[in-house]
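Working notes, beginning with the structure itself.
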Amino acid sequence: MERKWEAKLKQIEERASRYERKPLSSVYRPRLSKPEEPPSIWKLFHRQTQAFNFVKSCKEDVHVFALEYKVGDGQRIYLVTTYAQLWFYYKSRMPSGLHLAQIIIYLWKQKNLLHCYEVIPENAVCKLYFDLEFNKLANPEADGKKMVALLIEHVCKALQELYRVNCSAEDVFNLDSSTDEKFSRHLIFQLHDVAFKDNVHVGNFVRKILQPAFHLIASEDDDSISESMGHGFSHFPETPVKQGISFSKMSSDRDRGESQTQNSKERGRLGSAEQSSPDLSFLVVKNNTGEKHLFVDLGVYTRNRNFRLYKSSKIGKQVALEIAEDNRFFPKQSKTISEENQYFLSSLVSNVRFSDTLRILTCDTSQNKQKRVEYSHSTNTKGNIEGFHCSPYPEIDQFVLSLVNKNGIKGGIRHWSYFFPEELLVYDICKYRWCENIGRAHKSNNIMILVDLKNEVWYQKCHDPVCKAENFKSDCFPLPAEISLLFLFKEEEEFTAAETMNSDTKSPHKPPSGLLSEGAISDADWDNGLDETDFVEAAEDAELAAAAEHGLLGYCSGEGEIPDELIVQVLQE
DNA sequence: CAGCGCTACCACACCCC
DNA sequence: GGTGTGGTAGCG
């Protein structure tokens with residue numbers, strides 16, 4: 001494979017020098033992609049923050065992926081694209097009807113997607129996921145499949161007890177990346193209309209429900225396992241603690257006869273209410289130095305965690321994540337999306353489908369709970385969220401503040417609530433009491449501003465008993481376009497449309513234009529970001545882009561040649 | 001020219017018995 | 001010896 005690419009590289013270099021000798025003419029030719037087609041986005045960045053900044057500036061539903069590109073020190077670059085486009089290049093089958101130039105681009109992109117990771121953005125809603133592993137040689141008696149099944153059972157029970165969420169092994173996408181030496185799995189839970197607030201909350205949840213297992217590895221000697229189980233800990237203690245902290249805390253609690261700390265008090269209280277701890281001894285494995293560890297890797301719940309994609313391998317390794325033998329999750333059949341694509345989409349941790357009934361689960365640590373009183377967001381029993389001062393929608397907060405800062409009165413947001421089914425943000429306003437109903441400010445009652453995200457309007461109500469009695473609601477006013485969130489949902493539709501276009505069922509003779517054409521340009525565009533010092537390069541890029549327009553986009557006219565130096569440049573990176 | 005976000009670990013200072 | 005801090009190698 002490597003040799004083939006070296007040969008290809010040489011070929012491309014030769015062609016590049018040909019172009020240097022005989023440059024392309026600069027006749028303008030409009031691009032072929034039709035306006036209604038989804039725009040192509042394929043941008044590479046050296047820095048993660050640049051990639052995320054680009055995502056922010058981008059109207060389309062794009063995501064950040066990390067590509068490993070150098071063997072050894074795990075160096076990564078960041079790709080921003082849509083799920084649909086990524087899948088187009090990612091899937092192994094070569095689409096028919098491509099020109100040579102397009103095939104080269106296709107192959108280049110595909111080669112660079114072999115070691116591809118999803119970046120799970122911090123503060124982004126995501127699925128529940130697990131990274132599981134143990135060394136087979138150090139644990140000859142361990143039955144990996146059985147351990148996975150027991151873990152899933154335990155997690156489902158916990159979801160039911162803590163959040164009243166129903167699920168089973170059929171909702172768990174089970175991916176295998178095992179080798180002869182290592183048992184390795186990824187589990188991605190496909191909960192219906194339920195997701196976690198972000199992956200830090202997922203981590204808190206996982207630590208919380210695995211806490212009974214921490215005692216088992218905290219003990220130095222092997223035979224104290226059964227003894228340390230009998231302390232009456234609850235199934236899912238109130239205060240999830242970090243693994244590292246919990247070790248020392250637990251052991252010191254035990255040493256002191258366990259009574260003083262708040263933690264142990266809580267455990268005692270809850271412990272008496274619950275039955276004895278579940279037996280999580282199946283989670284304890286040994287590493288190659290013989291130390292006890294958990295089967296569950298707790299290090300994968302950090303901010304912007306890179307999580308390897310379905311069908312990707314680590315650089316320098318052969319084994320990719322594939323559907324496990326004992327996987328029991330099967331995506332819904334779709335006419336427009338291939339089964340493989342469905343699996344791919346299901347494997348993405350931050351690919352959460354929005355719906356009217358989406359419930360966002362949270363799980364805080366005890367430390368964060370204190371902070372939360374100050375910043376205050378909380379999920380009530382219905383799964384709606386509320387808080388003080390600022391909502392998760394800063395743009396809307398700003399807009400609401402602009403409404404209540406008028407005529408020298410400085411209004412503020414006292415409290416907000418978000419109602420999922422209605423997609424309604426309710427702001428309790430302070431200091432600004434102007435009421436449309438009475439045409440003046442109330443003397444002692446506050447008003448509310450309601451933002452209806454579904455219908456993209458806002459209106460005013462108030463707490464005054466008289467206004468309330470007549471169920472007063474002001475006229476609706478449209479939200480300013482820039483804060484309208486409808487695009488979010490529109491994009492869901494667009495995304496589906498894009499899927500349809502790129503699906504395997506599409507006419508084999510028509511390559512998804514737009515994807516290839518613009519992608520070719522963006523490839524060279526190692527986004528220099530806002531680095532003005534690079535204008536020389538930028539000028540070169542512009543030339544190359546022009547070249548690309550002549551060559552690559554000509555898949556109908558058939559005269560196209562690849563803007564080679566561009567690809568050579570990228571390949572050499 | 002160019003990854004990121006941690007945790008475990010170590011060295012050291014400071015404190016108290 | 002216990003505890004807190006600050007810097008860093010190295011893991012995931």
Under the rule for ring pair (Phe, Tyr, Trp, His ring centres under 6.0 Å), what residues qualify as partners of [X], not counting sequence neighbours?
X: A/Phe130; answer: A/Phe189
X: A/His63; answer: A/Tyr83
X: A/Phe344; answer: A/Trp87, A/Tyr90
X: A/Phe134; answer: A/Phe183, A/Phe295

Could you work out, with side chain to side chain contact (heavy atoms under 4.5 Å, CB included) as the rule, every residue matching A/Thr289, not counting sequence neighbours?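 Partners of A/Thr289 under the side chain to side chain contact (heavy atoms under 4.5 Å, CB included) test: A/Asn287, A/Glu291.
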Separation of [X] atom [atom1] from [N] atom [atom2], in whole Å?
X: A/Phe307; N: B/dC4; atom1: CZ; atom2: P; result: 21 Å
X: A/Glu122; N: B/dG5; atom1: CD; atom2: P; result: 7 Å
X: A/Glu291; N: B/dA8; atom1: CD; atom2: P; result: 12 Å
X: A/Leu298; N: B/dA8; atom1: CG; atom2: P; result: 10 Å
X: A/Tyr69; N: B/dC4; atom1: OH; atom2: P; result: 11 Å
X: A/Ile120; N: B/dG3; atom1: CD1; atom2: P; result: 21 Å
X: A/Asn306; N: B/dC6; atom1: CG; atom2: C1'; result: 13 Å
X: A/Phe65; N: B/dG3; atom1: CZ; atom2: P; result: 21 Å

Pairs satisfying salt bridge (Lys or Arg N to Asp or Glu O under 4.0 Å), at least one member in residues 137-154 of chain A, at least two apart: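 Qualifying pairs: A/Lys145-A/Glu325.
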Taking atom NZ of A/Lys314 as the centre, does the number of heavy atoms from other residues, nucleotides or ligands within less than 6.0 Å exceed 12?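 It does not: A/Lys314 NZ has 12 such atoms or fewer within range.
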Identify each donor-acceptor pair in which a side-chain atom of residues 316-323 of chain A lies under 3.5 Å from a protein atom, sequence neighbours left out, and give them as a table.
unit_1: A/Glu322; atom_1: OE1; unit_2: A/Lys311; atom_2: NZ; d: 3.0

Pick the closest DNA chain B nucleotide for A/Arg76 and for A/Tyr301 by heavy atoms, then say which residue is nearer the 5' end.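 Checking each residue's closest nucleotide, the 5'-ward one belongs to A/Arg76.
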Does A/Gln48 place a side-chain N or O at less than 4.0 Å from the phosphate oxygens OP1/OP2 of B/dG5?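 For A/Gln48, the contact criterion (side-chain N or O under 4.0 Å from OP1 or OP2 of B/dG5) is met.
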For B/dG5 and A/Asn304 - does any side-chain N or O of the residue sit under 4.0 Å from the phosphate oxygens OP1/OP2?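 For A/Asn304, the contact criterion (side-chain N or O under 4.0 Å from OP1 or OP2 of B/dG5) is met.
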Span that lies between the C1' atom of B/dG3 and that of C/dG10, in whole angstrom: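 Result for the C1' pair: 14 Å, nearest Å.
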Difference in axis direction between the ends of the helix from B/dC4-C/dG12 to B/dC15-C/dG1, five pairs, 10°: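 Taking five pairs per end, the axes differ by 10°.
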Applying the side-chain hydrogen bond (donor to acceptor under 3.5 Å, both in side chains) test to A/Asn204, which of A/His201, A/Lys208, A/Arg207 qualifies?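 It is A/Arg207, the one option of A/His201, A/Lys208, A/Arg207 that forms the side-chain hydrogen bond (donor to acceptor under 3.5 Å, both in side chains) with A/Asn204.
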With a 4.0 Å cut-off on heavy atoms, is A/Arg303 in touch with a base, just the backbone sugar-phosphate, or nothing at all?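 Sugar-phosphate: the residue A/Arg303, judged by heavy atoms under 4.0 Å, touches backbone atoms but no base.
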Collect all protein-nucleotide pairs involving nucleotides 7-12 of chain C in which both atoms are nitrogen or oxygen and the distance is under 3.5 Å.
unit_1: C/dG12; atom_1: O3'; unit_2: A/Asp297; atom_2: OD2; d: 2.6
unit_1: C/dG12; atom_1: N3; unit_2: A/Arg305; atom_2: NH1; d: 3.4

